[in-house]
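Below: the structure, in structure tokens.
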Amino acid sequence: MSGFKSDFLRTLDERGFIHQISDPEGLDAACMKGPITAYVGYDATATSIHIGNLITVTMLYWLQETGHRPISLMGGGTSMVGDPSFRDDQRKLLTPETIATNIESIKKVYSRILRYGDGPTDAIMANNADWLMKLNYVEFLRDVGRFFSVNRMLSFDSVKLRLDREQSLSFLEFNYMIMQGYDFVELNRRYGTVLQMGGSDQWGNIVNGVDLSHRMGGPQLYALTTPLLTTSSGQKMGKTANGAVWLNSDLFSPYDFWQYFRNTEDADVVRFLKIFTRLSLSEIARLGALGGAEINEAKKILATEATAVVHGREAADAAAETARLTFEEGVHADDLPTLEIPKADLEAGVGVLTAFVQAGLAASNGDARRSAQGGGLKVNDRTVTDPKEMLTLESLNKDGVIKLSLGKKKHILLKPV
RNA sequence: GGGAGAAUGUCCCGAGUGGCAAAGGGGGCGGACUGUAAAUCCGCUGGCUAAGCCUUCGUAGGUUCGAGUCCUACUUCUCCCA
């Protein structure tokens, strides 16, 4: 499916963003004819979007870069219902207040990546609550509901999975795809939007919107999905011990974000460089040619570039420097995650295990104890052998802090105040 | 409305004759080997004031020296009949 003429599709294709397109030739032609408007919808189920969503935001970025207009759609209305696609349990219902808070928090990330404004290719921030919340039930059923075939909706994989597993699918959730389909039509009316993009799990929902437009006598719309990103060893991307890789820095620090990419598997480096950085394809090819231990250089660049996109260049460089000092120089860097602890506590003495729990490196004393038994705890780079050891003012190193380490990669500084 | 089944360690899947802190996976964490990679091997994967104590098997009661296991009611979910 290569050989696209438009800059937009060619770029997405070359960088590995394309999984399916509903009518590749038609869409390519539309992109050639002039600026198009395309959108991606985002759930407001958390206070931040995560790395999986970053892929689609990046598509919006390339859309804008190649001369088109992106819309980031906040799911203020659809989040009242919850997307059941490929899930085998019902989501918890969110309160309108939670949704509003989430949207405010989520919005911050976009302006770093997209350029918003009133110009012809400036991005638009929309919220489907603006039209969904006002709908009149019976009217909506007659105008829109009649175009949806339940038989067909039941045949979508996203729903079938749920039914096959004999999990219930409430009528509430069943309506999600109708709302999403309607969003597409509404965005077309308001902004002339002709393309909806999303993850591969959204294919069914997106195509529903394309169909709905047909049936309602509207224009031809297009669907484009990205592959579900997995690591080469088959793991879903973006999962860590503490949950998802969030983009908001209060949930997942730039340093952690940098580390996440630094630890990319060899086999994924090129793929991730194409998707998560803006480096040219020739530069990526050069980095991809590095073999053996040299590929670590490519991973550092990947980490820094990806972090710069989300958190800014300054934060990215700082994270890189912290990592360099910590891992390559073997000294502790000042901006490792730091926890302040009252000086009085140290004077009285703090149990090592407790200290690790307070630092968030262990879930409980028992957990810390087990890590110590496995040789995974270090205080100032010295392995903890006695779980009863006390940390006191004596434990402060020459820089006046105590460095706690879990394994080789997680470090926290305790700073007396 | 009637009938049949299901709910297990707060990550998931999943065994479980009345003696159970509860088999086995997956995932995760730690160790070894390396390159902050992958693969492989080893250990850990309820809580605590820790040779002991406390809390866990949908919820609440009951039988029993003793209940995840048996009984009753309830909740939720599935399937079949209406």
Side-chain angles (χ1 to χ4, degrees), chain A residues 84 86-93 160-173 230-245 255-273 287-288 290-304 306-307 319-333 336 348-354 356-357 359-379 381 383-388 390 404-412:
Chain A
F86 297 100
R87 296 180 59 94
D88 41 7
D89 55 343
Q90 181 168 4
R91 287 172 193 262
K92 269 197 226 101
L93 276 184
K160 233 168 68 185
L161 186 91
R162 179 83 159 259
L163 298 177
D164 288 349
R165 295 196 60 180
E166 304 192 339
Q167 305 281 354
S168 93
L169 176 70
S170 70
F171 183 67
L172 173 83
E173 296 174 278
T230 53
T231 66
S232 289
S233 25
Q235 301 289 314
K236 237 189 219 168
M237 208 178 154
K239 289 273 191 80
T240 70
N242 305 325
V245 177
Y255 174 75
D256 286 334
F257 193 86
W258 194 93
Q259 283 297 330
Y260 180 79
F261 278 98
R262 174 63 247 262
N263 287 303
T264 297
E265 295 174 27
D266 288 7
D268 295 324
V269 171
V270 169
R271 208 152 47 98
F272 288 2
L273 278 168
L287 293 171
L290 297 173
E294 284 194 322
I295 201 166
N296 281 322
E297 291 311 310
K299 290 185 189 178
K300 286 178 206 166
I301 293 173
L302 167 63
T304 304
T307 307
E321 178 60 10
T322 301
R324 193 186 67 78
L325 289 171
T326 308
F327 289 98
E328 294 176 27
E329 305 288 322
V331 302
H332 79 76
L336 274 176
V350 180
V352 239
L353 302 181
T354 312
F356 274 91
V357 174
L361 292 175
S364 65
N365 277 9
D367 187 30
R369 183 185 305 271
R370 284 188 290 269
S371 293
Q373 271 158 11
L377 298 189
K378 289 199 185 97
V379 172
D381 299 313
T383 304
V384 174
T385 47
D386 174 17
K388 292 208 171 82
M390 299 299 280
L404 302 183
S405 311
L406 170 66
K408 290 173 193 143
K409 297 183 186 174
K410 287 173 218 129
H411 311 280
I412 301 245

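So you know, we letter chains A, B, ... as the sequences are listed, proteins then strands, and number each from 1. These figures come from a predicted structure and were not determined experimentally.
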Self-check item: Base-pairing assignment for B:rG24 (Watson-Crick or G-U wobble, both under 3.5 Å)
Solution: B:rC13

Practice problem: Taking atom P in both B:rC71 and B:rU17, compute the distance separating them and give it to the nearest angstrom. | Solution: 14 Å

Quiz prompt | Atom-pair distance (CG on A:Leu353; C1' on B:rA50), nearest Å | solution = 12 Å

Exercise. Would you mind pulling out the nucleotide paired to B:rG43, Watson-Crick or G-U wobble, both distances under 3.5 Å?
Key: B:rC29

Quiz item: Within less than 4.0 Å of OP1 or OP2 of B:rC48, is there a side-chain N or O belonging to A:Ser364?
Solution: yes

Self-check item: Counter-base of B:rU34, judged by Watson-Crick or G-U geometry with both distances under 3.5 Å
Solution: none

Quiz prompt | Nearest-Å distance for atom pair CE/P, residues A:Met390 and B:rU49 | solution = 12 Å

Self-check item: Salt-bridge present (A:Asp381, A:Lys378; N to O < 4.0 Å)
Solution: no

Self-check item: Phosphate OP1/OP2 of B:rG30 contacted by A:Lys410 side-chain N/O (<4.0 Å)
Solution: yes

Practice problem: Would you mind calling B:rC53 syn or anti? Take O4'-C1'-N9-C4 for purines or O4'-C1'-N1-C2 for pyrimidines, and syn is within 90° of 0. | Solution: anti

Quiz item: Given atom CG of A:Leu290 and atom P of B:rG35, what is their separation to the nearest angstrom?
Solution: 16 Å

Quiz prompt | Closest to the A:Arg370 side chain, choosing from B:rG35, B:rU36, B:rC44 | solution = B:rC44

Exercise. Record whether the side chain of A:Asp266 comes under 3.5 Å of the base of B:rG35 through a donor-acceptor pair of N or O atoms.
Key: yes

Quiz item: If we take the P atom in both B:rA67 and B:rG61, what is their distance in whole Å?
Solution: 14 Å

Practice problem: Whole angstrom is fine here: how far is it from CG in A:Asp268 over to P in B:rA39? | Solution: 11 Å

Quiz prompt | C1' spacing across the pair B:rG26 / B:rC77, given as an integer number of angstrom | solution = 25 Å

Quiz item: Are any of A:Lys408's side-chain N or O atoms less than 4.0 Å away from OP1 or OP2 of B:rA32?
Solution: yes

Exercise. Would you tell me if any nitrogen or oxygen in the side chain of A:Asn365 comes within less than 4.0 Å of OP1 or OP2 on B:rU49?
Key: yes

Practice problem: Answer with yes or no whether A:Lys388 presents, from its side chain, a donor or acceptor under 3.5 Å of a partner atom in the base of B:rU49. | Solution: no

Self-check item: Any strand: nucleotide that pairs with B:rU64 via Watson-Crick or wobble, under 3.5 Å
Solution: none

Quiz item: Can you find a side chain N or O atom of A:Thr264 that sits less than 4.0 Å from OP1 or OP2 on B:rA37?
Solution: no

Quiz item: When we call it a touch if two heavy atoms are under 4.0 Å apart, what does A:Gly366 touch: a base, just sugar-phosphate, or nothing?
Solution: base

Quiz item: Which whole-number value in Å describes the distance from A:Lys300 NZ to B:rA37 P?
Solution: 13 Å

Quiz prompt | Nearest-Å distance once atom P is located in both B:rU69 and B:rC80 | solution = 29 Å

Quiz item: Whom does B:rA6 pair with, Watson-Crick or G-U wobble, provided both distances fall under 3.5 Å?
Solution: B:rU76

Practice problem: Tell me which of A:Trp258 and A:Arg369 sits closer to the 5' end of RNA chain B, going by the nucleotide each one is nearest to. | Solution: A:Trp258

Quiz item: How far, in whole Å, is B:rC12 from B:rC57 if one measures between their P atoms?
Solution: 15 Å

Quiz item: B:rC44 C1' sits how many Å from A:Asp367 CG, rounded?
Solution: 9 Å

Self-check item: Rounded distance in Å between the C1' positions of B:rC81 and B:rU8
Solution: 31 Å

Exercise. Decide yes or no on side chain to side chain contact (heavy atoms under 4.5 Å, CB included) for A:Ile412 and A:Leu336, but give the supporting numbers first.
Key: CA-CA 6 Å; A:Ile412 301 245; A:Leu336 274 176; over 6 Å; no

Quiz item: Between B:rU36 atom C1' and A:Glu328 atom CD, what is the distance in whole Å?
Solution: 9 Å

Quiz item: Once you round it to whole Å, what is the distance between C1' of B:rC29 and NZ of A:Lys378?
Solution: 14 Å

